[in-house]
Amino acid sequence: SQQGEEDPQALSIQEGENATMNCSYKTSINNLQWYRQNSGRGLVHLILIRSNEREKHSGRLRVTLDTSKKSSSLLITASRAADTASYFCATDIYSGGYQKVTFGIGTKLQVIP
Amino acid sequence: EAQVTQNPRYLITVTGKKLTVTCSQNMNHEYMSWYRQDPGLGLRQIYYSMNVEVTDKGDVPEGYKVSRKEKRNFPLILESPSPNQTSLYFCASSTQGLNTEAFFGQGTRLTVV
């Protein structure tokens, strides 16, 4: 099963509104990252947050991490039509001395002009 | 320009015909990995490599092989492709697993008929 699961799976908002996406995971992590994917293209890194951090900002993006609840949220403020994309969280787990990376199913965001 | 290059971008092949998807990065990254992306399932890790000659299975390794003979290249080999391997494939690289930002290739859309 997926380590990370995003919620909601789809989100439609008006331009200018804020968009919030959530990610829940099952096992303890070292890092969590958020990525963006425009339709059918490669993923682009947005933010990395470490397990000892609670919040990070990057431009209009704000990411929070609650390790006690095993969840993270991505907030996009003042959304734009160009923010229309799918957003994924990725977590790392250590298994047998090796590091595996797991992505969630993603949240598909549509920003209506 | 820092990039991950995958080839080919599109491929249609027949069941059982061996194929290789190449992946090359120019950032001297140690960690490289392959993912497949399917509707409703998100990205799933196929194989990853911590460094040259060090590879390990991800979540869905069946039917795939990889090799890491040199740092920059990480080819994905399908010895006997089957229709259930029809998917969108991504190669990614990073300095150190999920501890740092991962760079993704543009994807290879594979159809096995």
Trainee: Atom CD of B:Glu101 and atom CG of A:Leu46: how far apart are they, to the nearest 0.5 Å?
Mentor: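 That separation rounds to 9.5 Å.
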
Trainee: Roughly how far apart are B:Leu88 CG and A:Arg41 CZ, rounded to 0.5 Å?
Mentor: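 One finds 12.0 Å between CG of B:Leu88 and CZ of A:Arg41.
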
Trainee: Does atom NZ of B:Lys71 have more than 12 heavy-atom neighbours from other groups under 6.0 Å away?
Mentor: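 Buried by this count: over 12 neighbours within 6.0 Å.
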
Trainee: Just checking A:Arg80: does its CZ atom have more than 12 heavy atoms from other residues, nucleotides or ligands closer to it than 6.0 angstrom?
Mentor: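 No, CZ of A:Arg80 has 12 or fewer neighbouring heavy atoms, counting only those of other groups under 6.0 Å.
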
Trainee: Identify which part of B:Gln6 has an atom lying under 4.5 Å from any heavy atom of chain A, answering side chain, backbone, both or neither.
Mentor: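 Contact with chain A is absent: no heavy atom of B:Gln6 under 4.5 Å.
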
Trainee: Determine whether A:Leu32 and A:Met21 fall in the same hydrophobic cluster, where Ile, Leu, Val, Met, Phe, Trp and Tyr are linked whenever their side-chain heavy atoms lie under 4.5 Å apart.
Mentor: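 Result: yes, single cluster for both.
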
Trainee: Other residues, nucleotides and ligands only: do more than 12 of their heavy atoms fall within 6.0 Å of CD on B:Gln3?
Mentor: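 Yes.
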
Trainee: Do the side chains of B:Phe90 and B:Met32 join up, straight or via other hydrophobic residues, at under 4.5 Å, putting them in one cluster?
Mentor: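 No, because B:Phe90 and B:Met32 fall into different hydrophobic clusters, even though each may have its own neighbours under 4.5 Å.
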
Trainee: Given the rule that I, L, V, M, F, W and Y join up when any side-chain heavy atoms are under 4.5 Å apart, are B:Tyr31 and B:Val66 in one cluster?
Mentor: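 No.
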
Trainee: Name the region of B:Tyr35, side chain, backbone, both or neither, that has any atom closer than 4.5 Å to a heavy atom of chain A.
Mentor: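 Side chain only.
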
Trainee: Could you pull out the closest heavy-atom pair between A:Phe88 and B:Leu43, with the gap in Å?
Mentor: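 The answer is CE2-CD1, 3.9 Å.
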
Trainee: Search all heavy atoms of A:Leu43 against all heavy atoms of B:Phe104 and return the closest pair with its distance.
Mentor: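 The pair with the smallest heavy-atom distance is O-CB, 3.5 Å.
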
Trainee: Cluster question for you: counting only ILVMFWY and a side-chain heavy-atom cut-off of under 4.5 Å, with indirect links fine, are A:Val111 and A:Leu61 together?
Mentor: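 Looking at the clustering, A:Leu61 is in the same group as A:Val111.
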
Trainee: List the atom of A:Thr102, the atom of B:Asp59, and the distance in Å for their closest heavy-atom pair.
Mentor: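 Shortest heavy-atom contact: OG1-OD2, 4.1 Å.
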
Trainee: Can you measure from OG (B:Ser94) to NE2 (A:His45) and round to the nearest 0.5 angstrom?
Mentor: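 Reported value, rounded in 0.5 Å steps: 10.0 Å.
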
Trainee: Need one label for A:Gln37: side chain, backbone, both or neither, based on atoms under 4.5 Å from any heavy atom in chain B.
Mentor: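 Looking at A:Gln37, just its side chain touches chain B.
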
